[in-house]
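Beneath this line is the structure, given in structure tokens, with notes to follow.
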Amino acid sequence: MNDTHLKSILITGGTGTFGRSFAKTVLENYPHIEKVVIFSRDEFKQFEMSNLDWCQKHQKRLRFFVGDVRDKDRLLRAFSGIDVVVHAAALKQIPSCEYNPFEAIKTNVWGAQNVIEAALDCKVKRVVALSTDKACSPINLYGATKLCSDKLFISANSYAGLQDTRFAVVRYGNVTGSRGSLIPFFQKLVEAKADSMPITDERMTRFWLNIHEAVDLVLLALNNTLGGEIFVPKIPSVKITDIAKAIAPHIPIKIIGIRPGEKIHEKMISIDDARNTIEFDNYFVIQPDLNLSWAKRTKAGLKGTKVSPDFEYHSGNNTDWLNVDQVRKLIKKLNPENANSNRNLNDKVTMNNPQNVTINIYESK
């Protein structure tokens with residue numbers, strides 16, 4: 001965060017893969033941040049996290065707050081004195097959300113509204129909510145709840161009125177090696193000496209990014225939002241069969257059939273979003289599609305290039321792909337707790353393109 005007036009940050013779902021990496025990055029690269037608060041439901045995960053070396057090193061600036069985003073009163077207490085909220089808490093497992101639909105709604109939709117109302121009541125200055133590619137043209141309940149969440153956060157800018165609270169959304173695909181994702185699943189199969197690697201459909205592709213790219217995207221949004229934007233990174237696609245080959249080239253692939261709620265290709269920008277999408281070197285911004293004063297301000301501030309009316313960005317039509325060797329190299333680098341997060345983030349952000357891209361995307365703020 002370049003704004004030195006922003007001195008305290010709270011991360012909902014802060015013990016997850018993203019929350020840990022974001023907290024570590026902020027603590028090690030932004031000395032003006034006086035307090036980072038980890039807000040999550042699981043006290044044991046907080047205990048485990050608090051004992052990590054880097055948490056011990058920064059313990060004077062780190063706080064742990066047990067609570068659930070379903071509990072608005074608890075959020076109000078936690079948000080007191082907070083300048084920035086990064087909302088990462090969600091129920092994310094598609095089968096679990098399909099089997100427990102209303103539980104997903106209570107966390108992903110009601111929880112989002114609770115975060116919004118608490119942020120407004122406590123006069124939080126910046127709120128960035130993490131979304132997913134599954135929120136674009138959703139076909140499963142998880143994606144539908146995240147689409148609802150995105151809409152809530154975008155419209156929250158109108159409720160802020162003259163108050164200096166800005167809400168934005170970041171949307172990205174699979175994070176390499178995150179808990180419950182494909183790479184750890186395949187690795188466990190190898191450890192168990194499985195006789196095949198199950199693939200639902202050999203055509204299946206997904207967007208892929210590493211955890212540092214996910215953190216950079218949120219920092220990009222925090223530094224530049226005027227309110228109501230959806231920030232979408234340009235990241236590579238990968239074939240699911242290539243992930244299996246990279247992890248276990250000696251184990252045959254078995255096609256088991258597509259599961260309910262699963263897509264062949266994931267989408268991050270639909271053709272209906274194209275009319276409001278601006279392109280930059282390493283990312284896109286979907287502008288709010290509302291005829292309100294704050295939305296007009298956002299559109300007036302952008303300096304990028306409008307995409308064509310028939311533009312669509314999905315993992316199958318991507319121009320950037322990872323091959324088997326590249327996937328194998330990425331997997332070897334996975335170690336989110338010990339990874340070096342001392343990157344120059346004060347004025348630059350690096351996405352997939354190795355060339356650094358400045359993050360000041362607006363004429364004025």
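All values below come from the heavy atoms of this structure, side chains included, with hydrogens, waters and symmetry mates left out. Count residues from 1 along the sequence.
- Here the closest heavy-atom approach between residue Leu75 and residue Asp68 is recorded as CG-O, 4.4 Å.
- Counting non-hydrogen atoms of neighbouring residues, nucleotides and ligands closer than 6.0 angstrom, the CZ atom of Phe102 exceeds 12 such neighbours.
- Taking the charged nitrogens against the carboxylate oxygens, Asp164 and Lys125 have no contact shorter than 4.0 Å, which rules out a salt bridge.
- The residues Arg259 and Asp201 are annotated as not salt-bridged, no charged nitrogen and carboxylate oxygen being separated by less than 4.0 angstrom.
- A salt bridge does not link Lys57 with Glu28: none of the charged nitrogens is closer than 4.0 Å to a carboxylate oxygen.
- Residue Ile94 is found in a hydrophobic cluster whose other members, listed by chain and number, are Tyr142; membership requires side-chain heavy atoms under 4.5 Å apart, directly or through intermediates.
- Between Pro236 and Trp321 the shortest side-chain heavy-atom distance does not fall below 4.5 Å.
- Between the CG atom of Asn100 and the NZ atom of Lys106 there is a distance of 10.0 Å, given to the nearest 0.5 Å.
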Open item on the list: Evaluate Ser315 against Asn318 for side chain to side chain donor-acceptor pair (under 3.5 Å), listing each step before the verdict.
Closed with: CA-CA 5 Å; Ser315 59; Asn318 203 350; over 6 Å; no

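- Between His265 and His314, the ring planes lie parallel to each other; the angle is under 30°, not in the 30° to 60° tilted range.
- Counting heavy atoms of neighbouring residues, nucleotides and ligands inside a 6.0 Å radius, atom CD of Glu43 does not exceed 12 of them.
- For the residue pair Gly261 and Asn140, the shortest heavy atom distance occurs at O-ND2, 2.7 Å.
- Ion pairing between Asp289 and Arg275 holds under the 4.0 Å rule for side-chain N and carboxylate O.
- You'll find the ring centres of Tyr313 and Phe207 inside the 6.0 Å limit.
- Checking Glu191 against Gln187 by side-chain atom types alone, no donor-acceptor pair falls below 3.5 Å.
- Nearest heavy atoms, Ala168 versus Thr225: CB-OG1, 3.4 Å.
- Classification of Glu103 and Arg70 as a salt-bridged pair holds, one side-chain N sitting under 4.0 Å from a carboxylate O.
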